Amino acid sequence: MEIDDLTPAERRVWRAFAKGTEVDFRDGSDDWGPERTVRATVLRALLLNGPQEQGETAALKIRGARITGALELRYATVDSVVHLTHCRFDEAPDLIGARLRYVSMRDSDMPALSVTRARIDGSLRLTRCRFAGPVRLDGAQIAGALFLEEAEATDADTDRPALHLHQVVVDDDLCARGLRARGLIRLDGATVAGSLDLEDAELSNPDANVLEADALEVGANLLGRRLSTRGRIDLRGARIPGRVDLLHARLSNPGGTALRASSCVIGELWLRRGPRVEGMLNLRRAEINQLSLEPEMLPDQVRLLDLTYTFLTPHVPAEDRLPMLERDGQGFDPHAYEQLTAAYRRTGDDQSARVVQLAKQRRRRSTLPWHGRLWGHLQDAAVGYGFRPLRAAVWLLSLLAAGSIAYAGHRPPPLKADEAPEFNPVFYTLDLLLPVISFGQEGAFAPRGWYQTLSYVLVVTGWILATTVVAGVTRTVSRQ
């Protein structure tokens with residue numbers, strides 16, 4: 001391309017390219033007339049075969065230009081830095097498969113953008129860009145950071161993603177703080193060496209996936225403070241060794257799953273200080289070192305099957321945590337109760353651990369046949385499945401008092417008058433209640449009528465109490 005074929009605006013860009021000088025077309029008006037218009041073919045010619053000056057570093061640096069036509073750099077190798085900021089693109093730039101050094105298009109308007117499978121040796125900056133169509137970065141390799149802060153991505157076609165980031169590889173941070181997206185964001189299979197920052201972002205794709213990040217690999221943290229979502233977040237199989245920070249987040253997908261983090265490996269998950277989650281919370285088979293979860297944020301439905309965690313914060317009474325386990329519609333899961341018990345024991349709260357274990361036995365009872373439920377009710381009423389040992393003492397003292405009073409008023413006749421010891425109503429009642437210990441009273445006297453029936457009741461009750469106490473003590477010892 002010859003310089004004589006260029007418009008005055010394009011000549012300014014052409015002359016500035018060899019020295020890497022910036023050309024600023026902004027004049028404070030909203031007029032995108034010829035004095036601010038540059039053809040994409042001119043930019044392509046500069047990037048592929050532009051003029052060079054010895055001792056200078058060529059670079060394309062433009063602010064506030066209207067770029068007509070399609071900037072087509074498909075599979076091209078560009079050695080120059082590209083700054084096309086505050087620009088207006090009439091057609092979507094095509095950078096598919098290109099090899100680039102550094103690209104900044106911040107504060108620009110574009111119909112769409114294609115950077116599929118491109119390789120960028122530095123960073124890609126799309127800060128505050130406005131996209132009317134899909135942004136394709138799938139399979140791209142970015143040696144620096146990817147910046148999408150306060151960008152706006154909207155695609156009228158709801159059947160395709162608004163942001164294609166699947167299989168992208170970012171060797172630094174992916175900064176999308178304040179991102180506004182209407183439609184699906186695909187991040188499945190992506191690798192981010194640093195942190196993924198979605199703080200203050202607003203993502204909307206009602207009744208469908210809003211963030212699809214299966215098998216996402218993040219080297220540090222996923223930051224989502226004050227994140228607002230309408231739709232389903234899917235982090236299934238993600239690996240995030242740092243924290244997933246959802247403090248003050250608003251997660252909403254009524255009638256569906258709001259957050260799915262099943263089969264994930266996460267260092268810390270923070271879900272606190274925000275409104276109640278609208279939709280299901282799915283943490284099945286996840287491995288989390290520290291689960292920081294406020295009971296007030298829990299939705300009506302949770303999935304916790306095979307969830308494992310080491311620490312659970314904040315520390316609240318067990319009664320506030322148990323509804324979380326009871327909202328799992330998949331049925332009784334003993335593992336969930338064991339996890340909660342272990343978390344309380346790690347903090348030294350054995351009383352809360354016992355409360356959880358008692359709740360576990362009661363929940364299990366509902367799954368048993370009628371005879372098992374009956375026996376369970378007896379154990380519960382008697383000694384609280386062994387976790388309420390004082391109940392046994394109360395029962396024994398009450399029965400001992402009743403039996404002693406009854407037999408003191410009506411002494412049973414001795415079997416052998418000349419061999420029988422002196423009758424003692426208290427020890428006689430103890431002989432009936434305690435199945436192992438013998439004070440020589442029960443075998444020496446034979447009550448009759450109603451008092452014989454009372455003796456049978458005391459014997460049977462004593463066996464039930466003894467059995468439940470032994471079972472409870474055995475269970476408690478095994479937990480220790």
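Nothing here was measured: the structure is a model prediction, and the numbers come from that model. Values below: every heavy atom of this structure, side chains too, minus hydrogens, waters and symmetry copies.
Not counting sequence neighbours, the partners of Arg128 by the salt bridge (Lys or Arg N to Asp or Glu O under 4.0 Å) test are Asp107.
When atom types are taken as modelled, the side chain of Asp94 and the backbone of Ile96 share a donor-acceptor pair closer than 3.5 angstrom. Using modelled atom types, no side-chain atom of Asn253 and backbone atom of Arg230 make a donor-acceptor pair closer than 3.5 Å. Within the 3.5 Å criterion, the main-chain N or O of Ala145 finds a donor-acceptor partner in the side chain of Ser123. No donor-acceptor pair closer than 3.5 Å links the side chain of Arg260 to the backbone N or O of Arg236. Remark: side-chain polar atoms of Asp173 are not paired, donor with acceptor, to backbone N or O of Cys175 under 3.5 angstrom. In this structure, Asn209 contributes its side chain and Leu211 its backbone to no donor-acceptor pair below 3.5 Å. Listed for the Arg226 side chain is no donor-acceptor partner under 3.5 Å among the backbone atoms of Ala201. A donor-acceptor pair is defined here as one N or O able to donate and one able to accept, closer than 3.5 Å; no such pair exists between the side chain of Asn205 and the backbone of Ala208. Asn221 places no side-chain N or O within 3.5 Å of a backbone atom of Leu223 that could act as its donor or acceptor partner. A donor-acceptor pair is defined here as one N or O able to donate and one able to accept, closer than 3.5 Å; such a pair exists between the side chain of Asp245 and the backbone of Leu247.
Taking the ring centroids of Phe25 and His86, they lie at or beyond the 6.0 Å cut-off.
A heavy-atom distance below 4.5 Å is found between the side chains of Arg44 and Glu72. Looking at heavy atoms from C-beta onward, Met105 lies in side-chain contact with Pro93 at the 4.5 angstrom threshold. In this structure, the side chains of Leu203 and Leu179 come closer than 4.5 Å at one or more pairs of heavy atoms. By the 4.5 Å heavy-atom criterion applied to side chains, Tyr344 and Gln351 are not counted as neighbours. For the pair Val103 and Val78, the minimum side-chain heavy-atom distance is 4.5 Å or more. At a threshold of 4.5 Å between non-hydrogen side-chain atoms, the residues Cys87 and Ile62 count as touching. Two residues are said to be in side-chain contact when any heavy atoms from C-beta on lie closer than 4.5 Å; Ile288 and Phe311 fail this criterion. Taking the side chain as every heavy atom from C-beta outward, Thr116 and Leu137 never approach each other to under 4.5 Å.
A distance of 9.0 Å separates CZ of Arg26 from CZ of Arg36, quoted to the nearest 0.5 Å. To the nearest 0.5 Å, the span separating CG on Leu174 from CG on Leu198 amounts to 7.5 Å. Between atom CD of residue Glu326 and atom CE of residue Met324 there is a gap of 10.5 Å, rounded to the nearest 0.5 Å. The distance from the CG atom of Asn282 to the OG atom of Ser262 is 5.0 Å, given to the nearest 0.5 Å. Atom CG of Leu73 is separated from atom CG of Leu100 by 7.0 Å, given to the nearest 0.5 angstrom. Taken to the nearest 0.5 Å, the CD1 atom of Ile240 stands 9.0 Å off from the CG atom of Leu269.
Residues Ala112 and Ala92 share a closest heavy-atom pair of O-CB, 3.3 Å. Here the closest heavy-atom approach between residue Ser80 and residue Ala59 is recorded as CB-CA, 4.2 Å. Among all heavy-atom pairs drawn from Glu35 and Asp31, the shortest one is OE2-OD2, 3.6 Å. When all heavy atoms are compared, the tightest approach of Lys61 to Gly20 is CD-O, 3.3 Å. For the pair Leu71 and Ala40, the tightest heavy-atom approach, listed with the atom from each and the gap, is N-CB, 3.5 Å. Scanning both residues, Leu6 and Glu10, for their nearest heavy atoms gives CA-OE1, 3.5 Å.
Under 4.0 Å is where a charged nitrogen must lie from a carboxylate oxygen, and between Asp121 and Arg101 no such pair does. In summary, Arg130 and Glu152 do not engage in a salt bridge, as defined by a charged side-chain N under 4.0 Å from a carboxylate O. In summary, Arg66 and Asp90 engage in a salt bridge, as defined by a charged side-chain N under 4.0 Å from a carboxylate O.
When each of Arg321, Gln339, Gln290 is checked for a side chain to side chain contact (heavy atoms under 4.5 Å, CB included) with Leu312, only Arg321 meets the rule. Partner of Thr341 under the side chain to side chain donor-acceptor pair (under 3.5 Å) criterion, chosen from Arg346, Gln357, Arg354: Gln357.
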### Task
Evaluate the side-chain contact (heavy atoms from CB on, under 4.5 Å) criterion for residues Leu259 and Asp234: first the C-alpha distance (whole Å), next the side-chain angles of each, then the deciding distance (0.1 Å), finally the verdict.
CA-CA 6 Å; Leu259 173 62; Asp234 196 339; over 6 Å; no

### Test log, rule salt bridge (charged side-chain N to carboxylate O under 4.0 Å, His left out), inputs Arg272 and Glu294
CA-CA 5 Å; Arg272 299 173 59 184; Glu294 285 184 344; 3.7 Å; yes

### Message
Quick one, Leu126 with Phe131, criterion side-chain contact (heavy atoms from CB on, under 4.5 Å). Give me CA distance, side-chain angles, the key distance, then yes/no.
### Response
CA-CA 10 Å; Leu126 301 172; Phe131 302 98; 4.2 Å; yes

### Task
Report the C-alpha separation of Glu22 and Arg63 in whole Å, then their side-chain angles, then the decisive distance to 0.1 Å, and conclude whether the salt bridge (charged side-chain N to carboxylate O under 4.0 Å, His left out) test is met.
CA-CA 8 Å; Glu22 181 180 81; Arg63 285 178 185 262; 2.7 Å; yes

### Message
Please evaluate residues Ile67 and Leu43 with respect to the criterion side-chain contact (heavy atoms from CB on, under 4.5 Å), reporting the C-alpha separation (whole Å), side-chain torsions for both, the decisive distance (0.1 Å), and the verdict.
### Response
CA-CA 9 Å; Ile67 300 174; Leu43 303 183; 3.7 Å; yes

### Query
Would Asn289 and Tyr309 satisfy side-chain contact (heavy atoms from CB on, under 4.5 Å), going step by step from the backbone distance to the final call?
CA-CA 5 Å; Asn289 185 43; Tyr309 51 87; over 6 Å; no

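At a cut-off of 3.5 Å, with distance as the only test, no side-chain donor of Asp306 or His335 sits close to an acceptor on the other residue. At a cut-off of 3.5 Å, with distance as the only test, no side-chain donor of Thr41 or Arg39 sits close to an acceptor on the other residue. Looking at Thr127 and Glu149, their side chains do bring a donor and an acceptor atom within 3.5 Å of each other. If you check the side chains of Arg285 and Ser263, you find a donor sitting under 3.5 Å from an acceptor.
For Arg12 and Phe17, the positive end is not near the middle of the six-membered ring at less than 6.0 Å and at most 45° from its axis.
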